[in-house]
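Within every chain, numbering begins at 1; the chains are lettered A, B, ... in the order of the sequence lines, protein sequences first and strands thereafter. Side-chain atoms are counted along with the backbone in the values below, which use heavy atoms only and exclude waters and symmetry mates.
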Amino acid sequence: MTNDDSKSTISQTRTKLWVDILIFIAFLIAMEPHSSGLAIHEWLTLAMLGTMIVHLLLSWDWIIETTRRFFGKLGLQNRINYILNWLLFIDGTLLMISGILISEVALPSLGIQLPTGFAWRRLHDMSANFALVLLGLHTALHWSWILNTFSRYVVKPIARLFAGGAKKDASV
Amino acid sequence: MKTLGRIFIICFVFTLFAGLMILAVNASGMNAPDFRGDGESRPEFRPPDGDVDGGLPFLPEGERGERGEGGGSRLMFGMIKNTMVITVLVLVIVWPKSIAKKKRRLSQQN
């Protein structure tokens, strides 16, 4: 690996961490439409569609590699992870499409009126609850990555900052 | 160009699944206006006497887009509740795994 490659990997990992934190917080806010308001709920989730694409692009190599090896040699955890990610994608699609079809603020403000149905409202609620469980499992399966990356890119730089400040104070 | 191609693939798969879901819901008849499925049509909604603007048949004010009173604290409560659900799931999976790892390490040392 050249110096440029390793720099790019570090920057990608850091970007992925911040994108994931952003998605996590946005998801928690989006899960409470009665408290945040329907306008925030709808616009935030539409914006999340973009961040989800970035999340998938940053994991692209893993997706392709695991798809190729899925029916061959692949560890159990990777296999479970892959299936879970597909479930999350399908559930996310259902959540998004049902949300678009029952939209009361975002789409009407763009001049788009869609025929609403009772089923989509129920499917939206169901898929949202299912997404919470799937997100929990997704987080659990990536827990060591989250801990390591958070420690490397958030905790250690902050600790270094304080240590640097303390050294300066000591020298004065 | 490579990134654009990947974005196109993601959007294509998303649209494909979305289309299939819409087809499935419409084909199953779940989305028909007659949601009880007993053949009778739903009775027309009539506002109560004296209700000039017709009122809202479904949800009270504050639950239809507007932030009701105490929205901030309710939002915080909801976010904490959902974080707790995720935390429990993480603990249920990560804890046994880390215990098993520690046991394996100990047995290797002995």
Side-chain angles (χ1 to χ4, degrees), chain A residues 24-25 27-42 49-50 52-57 60 63-64 77 86 89-94 96-98 100-101 104-105 115-123 127 129 132-144 146-147, chain B residues 2-7 9-11 13-22 24-26 28-36 42 58-59 62-68 70-95 97-98 101:
Chain A
F24 188 78
I25 295 169
F27 180 79
L28 289 179
I29 297 171
M31 282 293 283
E32 294 298 321
H34 297 311
S35 319
S36 64
L38 218 49
I40 290 177
H41 173 76
E42 290 186 11
L49 202 65
M52 286 309 302
I53 291 176
V54 174
H55 177 82
L56 290 175
L57 286 175
W60 192 262
I63 296 169
I64 296 299
Q77 186 165 336
W86 265 110
F89 183 82
I90 293 167
D91 187 61
T93 307
L94 180 60
M96 205 56 88
I97 204 70
S98 57
I100 288 169
L101 286 169
E104 289 181 25
V105 180
T116 52
F118 292 97
W120 289 114
R121 195 170 287 275
R122 216 177 303 156
L123 281 172
S127 55
N129 291 333
L132 183 68
V133 175
L134 287 176
L135 185 71
L137 296 174
H138 188 72
T139 310
L141 287 178
H142 291 87
W143 191 244
S144 57
I146 294 168
L147 276 187
Chain B
K2 209 162 68 174
T3 310
L4 270 178
R6 289 172 181 179
I7 293 172
I9 293 170
I10 294 167
C11 291
V13 177
F14 176 83
T15 315
L16 187 76
F17 276 111
L20 285 173
M21 282 163 192
I22 291 172
V25 169
N26 286 342
S28 68
M30 277 164 71
N31 213 23
D34 180 19
F35 62 101
R36 287 175 303 173
R42 276 191 300 137
F58 306 111
L59 292 167
E63 294 190 26
R64 285 179 66 88
E66 304 90 356
R67 258 173 76 155
S73 56
R74 261 171 55 189
L75 178 66
M76 282 309 290
F77 176 75
M79 282 173 73
I80 291 168
K81 185 191 74 190
N82 289 331
T83 310
M84 290 297 283
V85 172
I86 292 171
T87 308
V88 168
L89 282 166
V90 170
L91 278 177
V92 162
I93 292 172
V94 173
W95 216 356
K97 249 168 77 177
S98 84
K101 212 184 229 179

If you count every heavy atom of other residues, nucleotides or ligands that lies below 6.0 Å from B:Phe77 atom CZ, does the total exceed 12? no

Any idea which heavy atoms bring B:Val94 and A:Ala140 closest together, and the distance? CG2-O, 3.7 Å

Could you tell me the separation between the CZ atom of A:Phe27 and the OG1 atom of B:Thr83, rounded to the nearest 0.5 Å? 10.5 Å

So A:Leu137 and B:Val90, do their side chains get closer than 4.5 Å, heavy atoms only? no

Okay, A:Ile29 and chain B: the region with an atom under 4.5 Å from a heavy atom over there is both

Is it true that atom CH2 of B:Trp95 has more than 12 heavy atoms of other residues, nucleotides or ligands lying nearer than 6.0 Å? no

Nearest heavy-atom pair of B:Asn82 and A:Met31: which atoms, and what distance? ND2-CB, 3.3 Å

If you compare all heavy atoms of A:Gly136 against all heavy atoms of B:Ile86, which two are closest, and at what distance to 0.1 Å? CA-CG2, 3.8 Å

Heavy-atom contact with chain A under 4.5 Å, split by part of B:Ile22: both

Based on non-hydrogen pairs under 4.5 Å, which of B:Thr87, B:Val88, B:Val25, B:Ile93 is most in contact with chain A? B:Val25

Report yes if some heavy atom in the side chain of A:Leu56 is under 4.5 Å from a heavy atom in the side chain of B:Phe14; otherwise report no. no

For residues B:Cys11 and A:Ile53, report the shortest heavy-atom separation together with the two atoms involved. SG-CD1, 4.2 Å

Return the minimal non-hydrogen interatomic distance between A:Ile90 and B:Met21, and the atom names on each side. O-CE, 3.3 Å

Measure A:Val133 against the heavy atoms of chain B and call it side chain, backbone, both or neither at under 4.5 Å. both

For residues B:Leu91 and A:Trp143, determine if any side-chain heavy atom of one lies less than 4.5 Å from a side-chain heavy atom of the other. no

When only pairs under 4.5 Å are counted, which of B:Thr15, B:Ile80, B:Ile7 shares the most heavy-atom pairs with chain A? B:Ile7

Measuring from B:Met79:CE to A:Ser36:OG, what's the distance to the nearest 0.5 Å? 9.5 Å

Contact class of A:Met52 relative to chain B, heavy atoms under 4.5 angstrom: neither

Would you compute the distance between atom CG of A:Leu135 and atom CG of B:Leu89 and round it to the nearest 0.5 angstrom? 9.5 Å

Could you go through B:Ile10 and A:Leu57, starting from their C-alpha distance and side-chain angles, then the distance that decides it, and tell me whether this counts as side chain to side chain contact (heavy atoms under 4.5 Å, CB included)? CA-CA 9 Å; B:Ile10 294 167; A:Leu57 286 175; 4.1 Å; yes

Side chain, backbone, both or neither: which part of B:Ser28 has a non-hydrogen atom closer than 4.5 Å to chain A? neither

I'd like to verify something: which residue of A:Thr93, A:Ile97, A:Leu94 has the highest number of heavy-atom pairs under 4.5 Å with chain B? A:Thr93

Examine whether an atom of B:Thr3 lies under 4.5 Å from a heavy atom of chain A, and if so say whether it belongs to the side chain, the backbone or both; otherwise answer neither. both

Contacts of B:Lys81 that satisfy side-chain hydrogen bond (donor to acceptor under 3.5 Å, both in side chains) - sequence neighbours left out: none

Quick one, B:Arg74 and A:His34 - any side-chain contact, counting heavy atoms below 4.5 Å? yes

